[in-house]
Amino acid sequence: MDLENEKIGPAYNAPDSYFKESESRLLQRLGIDINSPEASAPKIEGVKPAEVLMKVDTSGVQKRARKQDPLTSKSVGVDKDVDSFGKVEIAPLTFTTNENPEWVNFSAISEETTGLGESLNITKVTYGDLLNPLTESAESESIEAEIVKVETIEPAPIVTETSEFVAVDVVSTIIEHENAIEEVLLEEVVSETEVSEPQEEFAIESIVEEESTSTESIIIHEVPESVGLDELESYISPINAQKAPIVEEVIVEEEPPTINLEAPPTAFAPIAGRQKESATPGWLGIAASLAAIVAAYFIWNAIQPPKVEEAMATELQQDEPTLIESPLDEPNSPKDTIPDGLQLVEPLILGEMPKYKEPNVYSIIDAKEMPPRTKRALQDLEDNGLVTFDMEDEMFEELDFESL
Amino acid sequence: MSVNTANAKNMSETQRLQNLSEDELSVELVSSGVTASLFVEISRRYQQQIYYHCRNLLLSHDDADDAAQNTFIKVWQNANQFKGDSRLRTWVYRIATNESINLIRKRKPTIDFDEAQPEMADMITEDLYLSGDDIALKLQKALCYLPFKQKLVFTLRYFEDLSYEEIALLTSTSEGALKASYHHAVKKLEIYLSVLR
C-alpha cells in the first residue's frame, strides 16, 4: 500500500454542534463576552490582603513544628508560601442575645403550655406505636393514658380490653373507648357482681357489653385459654376512679426449660451431641478415596496433550549412542579444498589479496557529546542535502513554546 | 440606542476579522494585542484543527477536548508573548502539542516517547466521533506502533498538511531529520497496514 499516493482521511469526525458547544464552554471558562470587543487578556495580579479588622498579637506564640506524615514517615515542612502570605486576620467576635423570637425552641415547651394538642385534637402516635401496636405494654400504656383522659371528663369511666385484639392501631382503640364512655353515660349502672358472675360460654363481646353497664372502671387483662372460669375473676381488677390508674399485669409464666445438671457422658459431649453418627463404615470412605485417586490419575492422563511424533523421534535420537565413524588410526585433519595442482600457489594468492577493512560507518551520532563546531558543520551538510540524519539522534529537543 | 450601536460595531469588527488572512491576523495580534473578538476569531479558525491534532495524538475524545480547551486558554493568557516570528498557526499548534505531551505524561508518568504504545490502539474503537472508515481506523491503530516523535511528524504532515518548515519550527528539529523521520514512519505504517489487512 502506498500511503503517500493513496490519501487516507482522518478517523475522527466530530459534529459542528460539539465545536459550538466547546467554543461557548471555552468563552464561559475565560469569562469572555463576545459583545464586549474591548475586553483584553486578564493581567495576573497579586492577591491583595484584606482590610485589617483586628490585629492579633502573635508574640509568644510558638511556631509550628515539623509534622510527621504517618504514611510516608517523612517530615513535612512548614509551607513558607502560606506562612509568608501575610498577617493572620481574624474578624472580631460579636455576641448577640437571643432576642429573635424565631429562635425559640418550641419543642422544649410542653403541650400544656401551648395547648395546641387540645385545640387541634391531635392524637400523638409515635412511630414505635405504629410498628408494635400489639405488644401488651403498649396497650397497657395507651389504656392507662386513656384512663387519665377519661377521668378528667367522667369520674366513672370504663376501660375494656379485648383478648382478641389483633391488628387495631392505637388510635382506633381510643375512639372505641370514647364510644364506650358515651354509652356508659346513657345506660344504667350495673354492679360489678353481675359482671363477674360465671356464665357457661365466656365471650369477650358479652363481657364488653356488660362492662359498659358497670359503674366502676375495671380492667380485663388478656386471659389465656388455659384459664378456667373459676380463675377468670382474678383477671378482672377494679379501678378506683379517684386514684391514679394502675394497670395490673398478669405474667403468664411459662415453664422454664429444664437444664440437666448432670455431667456429660464424655468430655466432648456438646460437640458429639450436635454431630450425627455416620452409619457408613470407615472402610467404605477409604475405598472411595482410593477410587477417587485412581480416577483422577486416569483423567489426568486423558487430558494430557499427545506427544508430537517429531519430539518423540528426537528423544529417541538423543538416546542413541554417538558413533565414531572415523577409525582411530587415521589422522583427523581437515581435508584440503584446494586442488592438488594448485596447493603450492595458495599462499601466494592469499598474500596478494587485500586485507578486509570495515567501512567507516557510524550509525549512532550522539549530539550531546558533539562539539558545537562539528554540530554546526553537520547541520550545514544536512541543510544542503549532503547528508541526512535520523531523528533518533537525540537532536529532537524538548518542546518549549515560549521560545518562539 | 447605544446598545444597538455597540452591537453593530461588534458585528462589523467580527466581519473584518473574518476577512483577514492568517498573516494579517498575526499582525493584528502583535500590533494591537488580543481582544475578545480577535480571540474568538482565532479560536473559531483553529478550533477544529487543534481538536483533531490533539485527538490524533491522544486518541481519547475527553483528553483531546481537555487539551484543546487548555490550548486556547493558554493562547488567551500568553497572547502578549506572541512575537510574530512564526506563523500564528504554528504557534497554536505548538501549544497544543505541548498540552498533549503534558496530558500524556500526566496519564502515564513513566511513558517513554521513544517507544511505541501499541496498547493505546484499544482506545480507538471505543470512543466518540469516529468516522467509521475502516482503513482510517486501521491507520490510527497502526500509528500506535510508531514512536511518539515519528507519530507527531506523520500526523502534522499527513493529516494537518503542515510544511516541513513549519514542523521543523514547531518541533525544533531540522527539516532533513523530519523528512527522514516521516519517510521511516510511512514505511513502517505501510508494513503495519499490510499486516493489519
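In this structure, OH in A/Y12 is found 8.0 Å from CG in B/L137, a value given to the nearest 0.5 Å. Atom-to-atom distance recorded for A/K7:NZ and B/D161:CG is 4.5 Å, nearest 0.5 angstrom. Note that the CH2 atom of B/W76 and the CG atom of A/L26 stand 10.0 Å from one another [nearest 0.5 Å]. Taking CZ of B/F159 as the start and CD1 of A/I8 as the end, the distance is 7.5 Å to the nearest 0.5 Å. Between the CD atom in A/E23 and the CD atom in B/Q48 there is a gap of 10.5 Å [rounded to 0.5 Å].
Using a 4.5 Å cut-off between heavy atoms, B/N102 does not touch chain A at all. With a 4.5 Å cut-off on non-hydrogen atoms, B/Y93 does not touch chain A at all. Interface remark: B/L59 contributes backbone and side-chain atoms alike to the contact with chain A (heavy atom separation under 4.5 Å). Heavy atoms of B/H183 lying under 4.5 Å from chain A are absent altogether. For B/N56, the parts lying under 4.5 angstrom from a heavy atom of chain A are both the backbone and the side chain. Only the side chain of B/Q140 comes within contact range of chain A, judged by heavy atoms closer than 4.5 Å.
Relative ring orientation between A/Y18 and B/Y129 is described as tilted, the plane-to-plane angle lying within the 30° to 60° band.
Highest contact tally toward chain A, considering only B/D134, B/L189, B/I73, B/V186, is held by B/I73 [criterion: heavy-atom pairs under 4.5 Å]. Put simply, of B/F113, B/Y52, B/F72, the one with the most heavy-atom pairs under 4.5 Å next to chain A is B/Y52.
Among all heavy-atom pairs drawn from A/P10 and B/A136, the shortest one is O-CB, 4.0 Å.
No more than 12 heavy atoms of other residues, nucleotides or ligands lie within 6.0 Å of CD in B/E165, so this atom counts as exposed by the packing criterion.
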key: Derivation of the side-chain contact (heavy atoms from CB on, under 4.5 Å) call for A/L30 and B/Q69   = CA-CA 10 Å; A/L30 293 173; B/Q69 290 271 321; over 6 Å; no
